[in-house]
Amino acid sequence: MPYRRLPNTDQARIRAMEKLLEKVGMISVSEMAVSLNTISKIRGLLNRFRRLSEYYKDCFDNQSKASRKHQENTKLARLYISHFIQVLNLAALRMEIKPAQKNYYGLQPNVHNVPDLISETALMEWGEKIIVGEMKRTSEGGIPIYNPTIAKVKVRYDIFVESNERQKNLQRLTAESLEDVTLMRPQVDELILDAWNQIEDYFKDMPDVDKRLDLCREYGIVYYYRAGEKKD
């Protein structure tokens, strides 16, 4: 005997409600296996749930598209900042700049490693430090670092910062829209369950099992066969 399974995705929930409304739209009120009150609730709920689901999908798609560009912006910013620090360290080793001036950049004079730039937070912090540090050192008459210049680093850093802010906003919109959908799912599931129970109860006395299942399927109820069961 096949068993009934309620929708477990948002698209499946929408299809279930659409199928039911499509069916009742083709028959008279006296033939309906679902109450008019339930139908009215489903009609109102479907419109809201579909709108929220589509908005969430749009937000998620926008975030995904922007994420690929943001990753590229992050990669370039990390490359320029890392390269600048490496050149700065070499300049200090060659005594082209005073090692003590590395303090302007938040770097220790006797440490020549590049700081950990893996996280976006670290990248944000170190990018700002080296831009401020280079401006302070050169304002005191120091020779600018070249290849890359701080101007080129700043361009990549500013693009990264702007991209990071945009990505956070898109993530926030996606999270908020998902929360709206999530909060509505229990109400949708409860209404679908109530409708399906009414439908099965309406046809429960029909002796022909296959015919009964087919009539329920016309309203959108989904049945699955267990392992080992043969489907006609």
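Note that the structure is a prediction, hence the values are computed from the model and not measured. Numbers here are sequence positions counted from 1.
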Quick one: do the Glu179 and Thr182 side chains pair a donor with an acceptor below 3.5 Å? no
Euclidean distance, Asp180 CG relative to Arg51 CZ, rounded to 0.5 Å: 11.0 Å
Does Glu128 CD have over 12 foreign heavy atoms under 6.0 Å away? no
Hydrophobic clustering (ILVMFWY, side-chain heavy atoms < 4.5 Å, transitive) - are Leu76 and Tyr157 grouped together? no
Can you tell me if Gln108 has over 12 outside heavy atoms packed within less than 6.0 Å of its CD? no
Tell me yes or no: between the side chains of Thr121 and Ser119, is some donor less than 3.5 Å from an acceptor? no
Counting only N and O atoms by type, is there a donor-acceptor contact under 3.5 Å from the side chain of Thr138 to the main-chain atoms of Met135? yes
Min side-chain heavy-atom separation Pro2-Leu213 under 4.5 Å: yes
Quick check for you: to the nearest 0.5 Å, what is the distance between Gln171 atom CD and Cys59 atom SG? 12.0 Å
dist Cys216:SG -> Trp196:CH2 (nearest 0.5 Å) comes out at 10.0 Å
Minimum side-chain heavy-atom gap Ile150-Ile145 below 4.5 Å: no
Do Arg185 and Asp189 sit within salt-bridge range, that is, some charged N less than 4.0 Å from a carboxylate O? no
Less than 6.0 angstrom from the centroid, inside 45 degrees of the normal: does Arg212 satisfy that with respect to the ring of Phe203? no
Spatial distance of atom CD1 (Ile192) from atom CG (Asn197) [nearest 0.5 Å]: 12.0 Å
Does any donor atom in the side chain of Asn89 or Lys102 lie under 3.5 Å from an acceptor atom in the other side chain? yes
Between Lys211 and Asp214, is the salt bridge (charged side-chain N to carboxylate O under 4.0 Å, His left out) condition met? List the steps. CA-CA 5 Å; Lys211 180 62 175 178; Asp214 286 342; over 6 Å; no
Indicate whether the side chain of Ser64 and that of Ser67 have a donor and an acceptor atom separated by less than 3.5 Å. no
Would a single hydrophobic cluster contain both Ile81 and Val114, if residues Ile, Leu, Val, Met, Phe, Trp and Tyr are joined by side-chain heavy-atom contacts under 4.5 Å? yes
To the nearest 0.5 Å, how far apart are CH2 in Trp126 and CG in Asp116? 10.5 Å
Just by distance, do the side chain of Asp194 and the backbone of Glu190 share a donor-acceptor pair under 3.5 Å? no
Distance from Ile130 atom CD1 to Glu134 atom CD, nearest 0.5 Å? 8.5 Å
Set out, in order, the CA-CA distance, both residues' side-chain angles and the distance that settles side-chain contact (heavy atoms from CB on, under 4.5 Å) for Glu18 and Arg50, then state yes or no. CA-CA 10 Å; Glu18 287 177 337; Arg50 184 195 288 120; 2.9 Å; yes
Do Leu46 and Leu193 belong together in a cluster built from hydrophobic side chains that touch within less than 4.5 Å? yes
Do Met184 and Val181 come within less than 4.5 Å of each other through their side chains, counting heavy atoms only? no
For Ile143, is the CD1 atom crowded, meaning more than 12 foreign heavy atoms sit under 6.0 Å from it? no
Below 4.0 angstrom, N of the basic side chain to O of the carboxylate: do Glu162 and Arg166 qualify? yes
Run the numbers on Lys19 and Glu218 for salt bridge (charged side-chain N to carboxylate O under 4.0 Å, His left out), then give the verdict. CA-CA 8 Å; Lys19 183 68 175 178; Glu218 290 180 4; over 6 Å; no
Is the backbone of Lys136 close enough, under 3.5 Å, to the side chain of Ser139 for a donor and an acceptor to pair up by distance? yes
Expected output: side-chain Ser177 to main-chain Thr174 donor-acceptor under 3.5 Å: yes
Have Arg137 and Asn103 got a donor and an acceptor in their side chains that come within less than 3.5 Å? no
Using the side chain to side chain donor-acceptor pair (under 3.5 Å) definition, which of the options Gln167, His70, Arg78 pairs with Glu120? His70
Can any side-chain N or O of Tyr3 pair as donor or acceptor with the backbone N or O of Tyr223 at less than 3.5 Å? no
Tyr56 reachable from Leu173 in the ILVMFWY side-chain graph, under 4.5 Å edges: no
Are Ile39 and Phe49 in one and the same hydrophobic cluster, where Ile, Leu, Val, Met, Phe, Trp and Tyr link if side-chain heavy atoms are under 4.5 Å apart? yes
Is the NZ or CZ atom of Lys129 positioned over Tyr105's six-membered ring, under 6.0 angstrom from the centre and within 45° of the axis? no
